[in-house]
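First the structure, in the form of structure tokens, and then the observations on it.
Here is the naming used below: chain letters follow the sequence lines, and residue numbers restart at 1 for every chain. No experiment lies behind these values; they were computed from the predicted model shown.
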Amino acid sequence: MKNKKILNLYQFLRKKYGKLIWWTHETPFEIMIGAILVQNTQWKNVEKALENLKNNNMFSAEKIRRLSLETLIQLIKPAGLYNQKATRIKSICDWYKDESHFQVLRRKRTATLRKELLSINGIGHETADAILLYGFKRTIFVVDAYSQRLLINEGVIEKQMPYLELQSLFHNALPKSYLLYSQYHALIVHHSKTLKTSRISYDTK
DNA sequence: AACCAGGAGAGAG
DNA sequence: CTCTCTCATGGT
């Protein structure tokens with residue numbers, strides 16, 4: 001059975017907040033680094049870390065791979081959790097290698113990429129899917145704590161569900177569209193944040 | 001001045 | 001499988 005409420009919720013949020021632009025002009029490499037840096041951190045702090053890397057001319061996989069762990073830690077410090085994030089960024093740069101190798105990566109199947117990403121230290125389901133969606137433009141829905149809460153508050157689900165089950169719920173309820181998926185996820189995050197400060201109701205009628 | 005942010009991993013039960 | 005802890009800065 002198809003869940004129409006999930007699609008209705010998207011249309012409601014889309015009308016309420018309009019188009020949300022998330023990672024449309026950024027390069028896949030920047031999206032990957034950003035996805036690591038933003039873990040359990042506000043985006044505002046991630047921007048400082050990204051600026052540090054760019055200002056020091058260290059914003060490429062090759063350069064970061066040659067960078068000492070200590071220096072990398074100093075550069076990304078404003079994003080917090082810097083010890084683990086530095087080694088995670090190292091790991092992902094080893095996988096990415098360089099821009100020519102990206103041409104190889106982009107030809108792989110989504111399922112293959114997802115497995116490879118998940119095998120990298122520091123990349124779990126959510127980060128892997130964010131990279132696949134926004135970086136590789138694959139039609140994969142990014143599930144997070146917000147989307148889980150939204151579905152519970154709307155009575156779509158009873159209680160918490162495993163990540164992959166929740167994801168297939170969205171996949172089955174929505175038309176397969178990169179634009180839709182990327183917009184929906186951004187809308188859910190934005191909506192949940194504004195809710196805290198202004199207590200707007202979810203009412204979709 | 002506690003609490004949380006666009007999580008992941010390791011450990012225990 | 002489901003909790004619980006840890007990681008750490010920066011903003012309310």
Rounded distance in Å - [atom1] ([X]) to [atom2] ([N]):
X      : N      : atom1 : atom2 : result
A:N83  : B:dG9  : CG    : P     : 16 Å
A:I140 : B:dG6  : CD1   : P     : 22 Å
A:L118 : B:dA8  : CG    : P     : 9 Å
A:Q42  : B:dC3  : CD    : C1'   : 11 Å
A:L117 : B:dA8  : CG    : C1'   : 14 Å
A:K193 : C:dT12 : NZ    : C1'   : 14 Å
A:I89  : B:dA8  : CD1   : P     : 14 Å
A:L133 : B:dG6  : CG    : P     : 17 Å

Taking atom [atom1] in both [N] and [M], what distance in whole Å separates the two?
N     : M     : atom1 : answer
B:dC4 : C:dC5 : P     : 14 Å
B:dA1 : C:dA8 : P     : 25 Å
C:dC3 : B:dG6 : C1'   : 23 Å

Just compare [options] and give me whichever is closest to any side-chain atom of [X].
X      : options              : answer
A:K77  : B:dG7, B:dG6, C:dT9  : C:dT9
A:Y146 : B:dG7, C:dT9, B:dG6  : B:dG6
A:E126 : C:dT2, C:dC7, B:dA8  : B:dA8
A:K48  : B:dG9, C:dG10, B:dG7 : C:dG10
A:R88  : C:dG10, C:dT9, B:dA8 : B:dA8

Using 4.0 Å as the upper bound for N to carboxylate O, is an ion pair formed by [Y] and [X]?
X      : Y      : value
A:K54  : A:E30  : yes
A:R114 : A:D129 : yes
A:K108 : A:E116 : yes

If you draw the axis of the six-membered ring of A:Y178, does the NZ or CZ of A:K137 fall within 45° of it and under 6.0 Å from the ring centre? no

Side-chain N or O of [X] closer than 4.0 Å to phosphate OP1/OP2 of [N]:
X     : N     : value
A:T41 : B:dG7 : no
A:K44 : B:dA5 : no
A:K85 : C:dT6 : no

A:D144 or A:G122: which one's nearest nucleotide on DNA chain B is closer to the 5' end? A:D144

Stacking check A:W43 vs B:dG6 (5.5 Å / 30 deg): yes

Quiz question: by atom type and distance under 3.5 Å, do the side chains of A:R107 and A:Q103 form a donor-acceptor pair? no

A:M32 vs A:W95, side chain to side chain contact (heavy atoms under 4.5 Å, CB included): CA-CA, chis, key distance, verdict: CA-CA 11 Å; A:M32 292 179 55; A:W95 176 73; 3.6 Å; yes

Under 4.0 Å, heavy atoms only, any strand: does [X] hit a base, just the sugar-phosphate, or nothing?
X      : result
A:I123 : sugar-phosphate
A:N40  : base
A:I188 : nothing

